[in-house]
Colleague: 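One structure is given below, represented as structure tokens, and several questions about it will come after.
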Number of protein chains: 2
Amino acid sequence: MTILTHLKNSLPSLSKAEFRIAEAILIDPEAAVNITTARLARLAEVSDPMISRFCHTLGCSSFPDFKVQLAKSLASNTFFISEAVSPGDDASLYIEKRINANQAALEYLRGKLQPEVIEQAVQLLSQSKRIEIFGMGGSAAIAHDAQHKLFRLGIPTVAYEDHLMQRMSAAAANEGTTVLLFSFTGRTQSMIEVARIAKESKASLIAITSPNSPLAAVADVTITSGDELEDTTLYVPMTTRIIILTIIDILVTGMALAQGPEIDVRLKKIKHSLDATKVN
Amino acid sequence: MTILTHLKNSLPSLSKAEFRIAEAILIDPEAAVNITTARLARLAEVSDPMISRFCHTLGCSSFPDFKVQLAKSLASNTFFISEAVSPGDDASLYIEKRINANQAALEYLRGKLQPEVIEQAVQLLSQSKRIEIFGMGGSAAIAHDAQHKLFRLGIPTVAYEDHLMQRMSAAAANEGTTVLLFSFTGRTQSMIEVARIAKESKASLIAITSPNSPLAAVADVTITSGDELEDTTLYVPMTTRIIILTIIDILVTGMALAQGPEIDVRLKKIKHSLDATKVN
DNA sequence: TCCTATTTGTAATTTAATTAAATACTGGGC
DNA sequence: GCCCAGTATTTAATTAAATTACAAATAGGA
């Protein structure tokens with residue numbers, strides 16, 4: 001964890017003087033990086049030694065050490081500042097902005113993903129006799145993409161974007177089935193219905209959706225779709241997609257690791273099955 | 001420019017003692033961040049004041065200031081170091097690694113994308129009477145995803161993953177048609193064939209594929225798919241997908257900007273068309 | 001209300017960094 | 001080859017910064 005987050009987190013547990021120091025730093029962290037104990041002490045209206053003590057409380061070995069950590073922490077944050085595209089931006093500018101936005105989205109994901117939840121999902125998927133993937137609208141392409149990655153791991157996997165197919169598939173599911181649901185909002189009526197049907201069939205449900213949504217309530221495991229993050233400027237879910245793709249990436253990675261080295265043979269065979277379709 | 005690159009760049013212009021200091025720092029920059037002038041001076045076998053002067057030469061106001069800059073510079077670099085997943089990694093570790101890999105991929109894209117090429121592609125797409133998107137195998141989902149984003153901008157857009165449909169569509173194309181081709185390698189025979197047919201029909205061809213591939217040779221505009229970047233460890237194109245998604249994101253952004261504010265109305269209408277399917 | 005424990009401040013000390021002056025190089029001219 | 005000018009570097013001294021040790025104050029509990 002970066003020192004800045006650590007600082008924010010430990011705010012409640014700080015003493016009066018320490019709290020004032022923390023405040024003084026948080027007002028302008030950039031400036032704090034080049035300040036001396038004396039000047040910071042004057043800013044926070046505390047005595048010099050309090051600064052030293054404050055740093056030790058935060059686990060730094062000295063005030064200079066704290067400044068270094070703070071600098072690191074600022075560098076990694078400012079890197080991911082994402083600014084909205086605005087009319088008049090030229091190509092090189094909106095390219096930068098969109099790449100920044102997507103990197104920031106991944107950074108957001110880093111903070112949100114809970115390893116335990118991923119582990120749970122990986123375990124469910126790995127133990128499945130078959131996997132059914134459902135996605136509609138913007139999530140349909142994602143569902144197919146996930147199918148394309150998962151079938152390689154040797155578990156029978158299908159993706160459906162058609163609500164009727166989804167219903168039938170959900171009804172036909174059983175204990176060995178894991179249903180993977182993609183829905184940005186988690187509020188699409190038909191998706192929730194399908195989830196309920198799958199649940200009644202005793203299938204395991206993994207939802208990549210908005211937490212606190214009705215869909216999340218039905219699922220056994222919920223992974224955030226980053227729905228709350230979406231920049232609404234263009235009304236097309238873009239950064240969210242990057243997040244979901246990366247979640248799929250992570251799940252597949254986890255499953256591949258769980259299977260061990262024998263997976264390599266299968267993956268190689270699949271890859272080489274396309275050789276005949278290529279020209280050199 | 002970050003201080004670390006600056007340091008490397010100015011190596012040739014440094015004096016003997018300064019060069020030794022620079023070396024000592026570059027051997028282990030992480031350690032240099034927490035060192036004192038005295039200790040660094042001993043390491044570099046120079047006197048203490050040389051350290052101060054060295055910092056001034058580099059444009060820093062003091063040695064502590066230099067350390068802070070160095071810390072920042074390290075933080076932003078190590079951020080994009082991507083390490084391969086290895087057996088035995090636990091969930092929190094492979095999550096970090098995959099997110100890093102994807103962020104690094106985007107960083108790579110930042111260096112590779114040429115604004116002029118994007119501008120050209122955006123212009124071609126914006127002026128099209130219709131857009132046909134082709135992708136097979138792993139690119140099929142991407143093609144559909146692109147279709148889902150592009151149709152919103154008001155230009156008739158379809159995606160085909162079926163080679164026969166692609167051939168027919170390519171044959172039916174004309175001057176007003178832009179064909180968007182997704183192919184990781186650019187060496188799939190049937191894709192190249194389809195591209196040639198589209199070309200004969202006088203359609204404009206944009207290929208998101210490997211540069212220097214046969215497919216790239218046929219296309220009017222080629223954007224790199226990041227094919228050369230792929231980590232082959234797991235034989236599933238993952239980071240490449242993030243790159244391509246981001247390219248689509250950028251193209252759509254460019255098109256939306258080109259259309260101006262009237263696009264907002266359409267996007268809002270499309271968004272609200274789904275309202276009736278949601279529960280609250 | 002008093003006592004103890006914790007928090008904060010003051011003064012002294014230690015440590016670190018820089019300045020100023022002196023010395024040692026280096027290369028060009030004789 | 002030797003001397004001189006200019007630069008590079010060091011030693012010693014100074015200044016600045018951070019921390020320690022100790023004292024005072026404040027807050028909570030009996």
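No hydrogens, no waters, no symmetry mates; every other heavy atom, side chains included, goes into these values. Here is how names work: the chains are called A, B, and so on, in the same order as the sequence lines, proteins then strands, and each is numbered from 1. All of these numbers come straight from a predicted model, not from anything done at the bench.
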Colleague: Among residues at least two apart in sequence or on other chains, which ones pass side-chain contact (heavy atoms from CB on, under 4.5 Å) with Lys112(B)?
Modeller: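 Here the qualifying residues are Tyr108(B), Thr224(B), Glu228(B).
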Colleague: What stems involve DNA chain C, if each pair must be Watson-Crick or G-U and both of its distances must be under 3.5 Å, with 3 or more such pairs in a row?
Modeller: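 Detected stem regions: C:1-30 with D:1-30.
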Colleague: Just to verify, what does Thr222(B) make a side-chain contact (heavy atoms from CB on, under 4.5 Å) with, not counting sequence neighbours?
Modeller: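 side-chain contact (heavy atoms from CB on, under 4.5 Å) list for Thr222(B), sorted by chain: Thr209(B), Ala216(B), Ala219(B).
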Colleague: Please list, chain by chain and in numerical order, all residues satisfying side-chain contact (heavy atoms from CB on, under 4.5 Å) with Asn212(A), sequence neighbours excluded.
Modeller: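 Asn212(A): no side-chain contact (heavy atoms from CB on, under 4.5 Å) contacts found.
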Colleague: Which residue pairs pass the side-chain hydrogen bond (donor to acceptor under 3.5 Å, both in side chains) test with at least one member in residues 113-124 of chain A, sequence neighbours excluded?
Modeller: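 Every candidate side-chain hydrogen bond (donor to acceptor under 3.5 Å, both in side chains) pair involving residues 113-124 of chain A fails, so no pair, neighbours aside, qualifies.
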Colleague: What string of B, S and - do you get for nucleotides 9-23 of chain D 5' to 3' if you count protein non-hydrogen atoms under 4.0 Å?
Modeller: BBBB----SSBB---
Colleague: Determine which pairs satisfy side-chain hydrogen bond (donor to acceptor under 3.5 Å, both in side chains) with at least one residue from residues 10-23 of chain A, sequence neighbours left out, and list them in order.
Modeller: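 Qualifying pairs, neighbours excluded: Ser15(A)-Glu18(A), Glu18(A)-Thr57(A).
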Colleague: According to side-chain contact (heavy atoms from CB on, under 4.5 Å), who are the partners of Leu93(B), at least two apart in sequence or on a separate chain?
Modeller: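 Applying side-chain contact (heavy atoms from CB on, under 4.5 Å) to Leu93(B) gives Asp89(B), Asp90(B), Lys97(B).
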Colleague: Do any side-chain atoms of residues 40-50 of chain A form donor-acceptor pairs under 3.5 angstrom with protein atoms, and if so which ones, sequence neighbours left out?
Modeller:
none

